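Data first, discussion second: the structure below is written as structure tokens.
Everything numeric in this text was worked out from a predicted model, so none of it was measured. Just so it is clear: chains get the letters A, B, ... in the order the sequence lines come, proteins before strands, and each one is counted from 1.
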2 protein chains.
Amino acid sequence: MARAHPAPVVTATLPLSPPPGPRQQRLLLVLREAGRELSARELHQLLEAAQEQQGLATVYRGLKLLQRAGLVRCRRLVNGESVYAPLERDQHHLTCVQCGSSEPLPICPLGGSGLGLTKVLLQGFQPLFHTFEIHGLCARCQQLQAPGHG
Amino acid sequence: MARAHPAPVVTATLPLSPPPGPRQQRLLLVLREAGRELSARELHQLLEAAQEQQGLATVYRGLKLLQRAGLVRCRRLVNGESVYAPLERDQHHLTCVQCGSSEPLPICPLGGSGLGLTKVLLQGFQPLFHTFEIHGLCARCQQLQAPGHG
DNA sequence: GCTAGAACGACAACCATTCTCACTCCTGAG
DNA sequence: CTCAGGAGTGAGAATGGTTGTCGTTCTAGC
């Protein structure tokens with residue numbers, strides 16, 4: 001299965017990248033419908049279940065395109081896995097350095113109103129998305145690590 | 001080479017973790033003397049050059065201990081490598097999603113005064129360090145990607 | 001039908017990190 | 001001193017997410 005898609009369908013006003021093809025739009029749709037971040041593998045499996053399978057390499061390629069097009073954001077979990085979400089979902093996390101668990105953090109350092117950064121700071125850099133994460137010890141791991149407990 | 005170090009030397013007032021042993025103090029010293037973030041492999045090589053070699057696995061173990069002790073921070077580069085720096089070096093970055101290059105960003109979302117977060121937000125979570133990163137396209141990659149150029 | 005070019009899928013390769021396990025060193029007891 | 005127990009370590013294998021390779025398939029144009 002391979003195609004050189006004839007006509008792009010999305011026409012968002014993006015600053016740089018060409019609009020994604022239909023395969024990438026599928027990826028974006030699945031990401032939007034999922035209530036949470038998805039890894040490439042999960043995305044691959046969900047597409048397979050929906051009988052719209054793409055090869056794993058294609059999923060990775062599509063995610064990279066979507067990222068560069070400013071439609072998808074990405075972060076790395078402690079276990080090395082990358083997880084993806086639509087750009088508009090501005091969600092950050094508390095991550096435990098001990099057990100790797102990750103829970104949502106209901107604040108955004110940029111106020112949720114996009115990137116409030118001056119051009120002076122960016123120096124020609126075109127921002128697409130940002131990641132903010134607080135690393136520390138979750139309540140459970142604090143107890144396990146406390147003296148006089150284990 | 002193995003040792004069950006008899007007496008800890010560092011006595012910082014840390015909230016949770018026991019103070020690191022001498023091997024971990026070596027790691028921390030090298031990180032502090034280096035003007036930049038170091039990967040585990042670089043750290044391993046620098047120690048070797050200083051005739052204080054530690055096995056790579058030991059370096060990884062020590063970095064994890066230092067991280068949990070609140071003495072070292074860590075972030076992942078685009079290529080999958082983790083780089084480490086002393087906690088007190090509060091430095092964030094602009095990272096290009098295309099070429100992976102990473103340049104310093106002279107701001108901190110928390111104002112550089114440590115973690116300005118309320119306990120309500122943290123919910124029992126013990127913060128150790130934070131990461132903030134803006135992902136986008138560097139000036140070079142914008143030009144290469146612009147229509148009418150390539 | 002035929003050619004050129006782009007996208008794709010399957011699978012191999014890559015590489016940072018973690019795991020395993022035998023070994024060394026330290027400590028404490030006799 | 002000698003011995004046993006335990007923690008820390010080093011070398012190399014194993015793990016696993018991601019990327020590279022390469023032959024195939026599709027579309028467009030003629």
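- For the segment residues 26-34 of chain B, no residue has any heavy atom less than 4.0 angstrom from an atom of DNA chain D.
- A donor-acceptor pair under 3.5 Å is formed between the side chain of A/Gln54 and the backbone N or O of A/Arg23.
- Distance alone, capped at 3.5 Å, is enough to place a donor-acceptor pair between the A/Gln142 side chain and the B/Gly124 backbone.
- Using a cutoff of 4.0 Å between basic side-chain nitrogens and carboxylate oxygens, A/Glu37 and A/Arg75 are scored as salt-bridged.
- Taking atom CD on B/Glu81 and atom P on D/dT19, their separation rounds to 14 Å, with Å as the unit.
- Rounding to whole angstrom units, CG of residue B/Asn79 and C1' of C/dT17 are separated by 13 Å.
- The side chain of A/Ala57 lies closest to C/dA10, out of C/dT17, D/dT18, C/dA10.
- Of all nucleotides listed (C/dA10, D/dT18, C/dC8), C/dC8 comes nearest to the side chain of A/Thr58.
- To the nearest angstrom, P of C/dA16 lies 15 Å from CG of B/Leu43.
- The A/Gln54 side chain lies nearest to C/dG9 when the options are C/dG9, D/dT9, D/dG17.
- As judged by a 4.0 angstrom heavy-atom cut-off over every strand, A/Ser82 is placed among residues touching the sugar-phosphate backbone only.
- Closest to the side chain of B/Tyr60, from the set C/dT18, C/dC8, D/dG10, is C/dT18.
- Note: CG (B/Leu65) to P (D/dG8) measures 9 Å, nearest angstrom.
- Considering only the side chain of B/Gln24, D/dT9 comes nearest among C/dG9, D/dT18, D/dT9.
- When atom types are taken as modelled, the side chain of A/His130 and the backbone of B/Phe132 share no donor-acceptor pair closer than 3.5 angstrom.
- The A/Lys64 side chain lies nearest to D/dT19 when the options are D/dT9, C/dC8, D/dT19.
- Between the P atom of D/dG17 and the CZ atom of A/Arg75 lies a distance of 16 Å, rounded to the nearest Å.
- A salt bridge between B/Arg32 and B/Glu88 is present, with a side-chain N of the basic residue lying under 4.0 Å from a carboxylate O of the acidic one.
- Between D/dT9 and B/Arg23, a contact under 4.0 Å exists linking OP1 or OP2 to a side-chain N or O.
- A/Arg76 places its CZ atom 16 Å from the P atom of D/dG16, with the value rounded to the nearest Å.
- Atom CZ in B/Arg41 sits about 8 Å away from atom P in C/dT17, given to the nearest Å.
- Side-chain contact between A/Cys138 and A/Gln98 is absent, with no heavy atoms from C-beta onward closer than 4.5 Å.
- Between the P atom of D/dT18 and the CD atom of A/Gln67 lies a distance of 11 Å, rounded to the nearest Å.
- B/Glu42 approaches B/Ser39 most closely through the heavy-atom pair OE1-N, 2.8 Å.
- Checked by distance alone, A/Arg61 brings a side-chain donor or acceptor within 3.5 Å of a matching partner on the base of C/dG9.
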